[in-house]
Amino acid sequence: MTQTLLITGASSGIGAATARAAVKAGWQVALLARSRDALEKLAAELGDAALALPCDITERDQLSEAVAKTVERFGGLDAVYANAGKGSSSPGIEQGDPDDWHAMIHLNVLAVLTTAHATLPHLRKTKGHFVVTGSKAGRDHMKGSVYGATKWFVQGLAGNLAEEMREWGGRCTLITPGMVDTPFFDEPKPDKIQPDDVANAVVFALSQPRSADVREIHIMPSG
């Protein structure tokens, strides 16, 4: 039976690479992001296995509607990859921009929570898998990094969620990459981790037998 994976932040970078890798591995994918054009282009590339669901996941009604459409189209939900996130344009705390923090925390923290809240009832039915993008910045202390602090939240949440899901046979995996060559950065970084590297880690975690609960995969550039 074909399984279904819902991906947030699916329009580019790690999310798009994961969608391609998952479809190659035999999954159906629901693609969530704000960019309608990019999502529809990716869905057309992936064919019938993909469903484009343009939405803003910081809006709970839009997120819930996208989850409902996924279940309606594919008949259920076996895994979720909470990948959407953003950085800060004003580094540091003293010189930082509180409005910028608000948008970042809403996406990096609250949207991860609401994605879990909206999808866990469906994952419970399939003893499914929740995967979330953390960061090396959530494992280290970095001078004045509010972005890093949001990823420290994700680091803690993933472990707590894994324990909650364990009660009913579900699993949670945290992916913590170092710097990745994605549109997240203004300049290309070809010597850093590639989106496909992270996508392969996600598919690896999803493909493990029921006897293995891979709690975290930490990836660093090899160069």
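Everything numeric in this text was worked out from a predicted model, so none of it was measured. All residue numbers refer to positions in the sequence shown, counting from 1.
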Atom [atom1] of [X] and atom [atom2] of [Y]: how far apart are they, to the nearest 0.5 Å?
{"X": "Thr70", "Y": "Leu53", "atom1": "OG1", "atom2": "CG", "answer": "4.5 Å"}
{"X": "His102", "Y": "Leu107", "atom1": "NE2", "atom2": "CG", "answer": "12.0 Å"}
{"X": "Arg124", "Y": "Glu167", "atom1": "CZ", "atom2": "CD", "answer": "8.0 Å"}
{"X": "Ile14", "Y": "Ile7", "atom1": "CD1", "atom2": "CD1", "answer": "11.5 Å"}
{"X": "Ser89", "Y": "Asp97", "atom1": "OG", "atom2": "CG", "answer": "6.5 Å"}
{"X": "Leu42", "Y": "Ser11", "atom1": "CG", "atom2": "OG", "answer": "8.5 Å"}

Which heavy-atom pair separates [X] from [Y] by the least distance, and what is that distance?
{"X": "Thr119", "Y": "Phe130", "result": "OG1-CE1, 3.9 Å"}
{"X": "Leu32", "Y": "Ala66", "result": "CD2-CB, 3.8 Å"}
{"X": "Val154", "Y": "Gly134", "result": "CG1-CA, 4.0 Å"}
{"X": "Arg210", "Y": "Arg171", "result": "CA-NH1, 3.9 Å"}
{"X": "Pro177", "Y": "Val198", "result": "CB-CG2, 4.2 Å"}
{"X": "Pro195", "Y": "Val180", "result": "N-CG1, 4.0 Å"}

Please check if the number of heavy atoms outside Arg73 that lie under 6.0 Å from its CZ is greater than 12.
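Result for CZ/Arg73: enclosed.
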
Would you say NE2 of His218 has more than 12 non-hydrogen atoms from neighbouring residues, nucleotides or ligands within 6.0 angstrom?
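Above 12, so yes.
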
Between the side chains of [Y] and [X], is the shortest nitrogen-to-carboxylate-oxygen separation below 4.0 Å, so that they form an ion pair?
{"X": "Lys86", "Y": "Asp100", "value": "yes"}
{"X": "Arg215", "Y": "Glu163", "value": "yes"}
{"X": "Asp37", "Y": "Lys41", "value": "no"}
{"X": "Glu72", "Y": "Lys69", "value": "no"}

Can you check side-chain contact (heavy atoms from CB on, under 4.5 Å) on Leu161 and Met165, steps first, answer last?
CA-CA 6 Å; Leu161 185 56; Met165 295 178 70; 3.8 Å; yes

Would you tell me whether [X] and [Y] have side-chain atoms, one donor and one acceptor, within less than 3.5 Å of each other?
{"X": "Thr58", "Y": "Asp56", "answer": "yes"}
{"X": "Thr2", "Y": "Gln28", "answer": "no"}
{"X": "Asn108", "Y": "Thr150", "answer": "yes"}

[X] side chain near [Y] side chain, heavy-atom distance below 4.5 Å:
{"X": "Tyr147", "Y": "Pro91", "answer": "no"}
{"X": "Val80", "Y": "Leu123", "answer": "yes"}
{"X": "Val29", "Y": "Leu46", "answer": "yes"}

Using a 3.5 Å distance criterion without hydrogens, assess whether the side chain of [X] forms a donor-acceptor pair with backbone atoms of [Y].
{"X": "Glu40", "Y": "Ala38", "answer": "no"}
{"X": "Ser64", "Y": "Asp61", "answer": "no"}
{"X": "Asn200", "Y": "Asp196", "answer": "yes"}

Can you check side-chain contact (heavy atoms from CB on, under 4.5 Å) on Phe153 and Leu113, steps first, answer last?
CA-CA 10 Å; Phe153 175 89; Leu113 277 172; 3.8 Å; yes

Testing Thr133, Thr115, Thr173 one by one against Tyr81 for a side-chain hydrogen bond (donor to acceptor under 3.5 Å, both in side chains), which residue passes?
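Result: among Thr133, Thr115, Thr173, Thr133 is the only option passing the side-chain hydrogen bond (donor to acceptor under 3.5 Å, both in side chains) with Tyr81.
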
Determine the sole option in Lys136, Gln155, Glu216, Lys151 for which the side-chain hydrogen bond (donor to acceptor under 3.5 Å, both in side chains) test with Thr176 is passed.
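Single pass found, and it is Glu216.
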
Contacts of type side-chain contact (heavy atoms from CB on, under 4.5 Å), residue Ala79, not counting sequence neighbours
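In terms of side-chain contact (heavy atoms from CB on, under 4.5 Å), with neighbours along the sequence ignored, Ala79 is linked to Leu5, Trp27, His129, Leu206.
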
Given salt bridge (Lys or Arg N to Asp or Glu O under 4.0 Å), test Arg60 with Glu65 step by step and report yes or no.
CA-CA 8 Å; Arg60 286 192 293 165; Glu65 183 179 359; over 6 Å; no

Taking [Y] as the starting point, is it possible to reach [X] by hopping between hydrophobic residues whose side chains are less than 4.5 Å apart?
{"X": "Met220", "Y": "Val214", "value": "no"}
{"X": "Ile57", "Y": "Leu51", "value": "yes"}
{"X": "Trp101", "Y": "Met142", "value": "no"}
{"X": "Trp152", "Y": "Ile93", "value": "no"}
{"X": "Val109", "Y": "Leu120", "value": "yes"}

Might you work through the side-chain contact (heavy atoms from CB on, under 4.5 Å) test for Ile175 and Val132, ending with a clear yes or no?
CA-CA 6 Å; Ile175 310 292; Val132 58; over 6 Å; no

Under the side-chain contact (heavy atoms from CB on, under 4.5 Å) rule, what do Leu6 and Thr4 come out as? Steps first, then yes or no, please.
CA-CA 7 Å; Leu6 181 148; Thr4 299; 5.9 Å; no

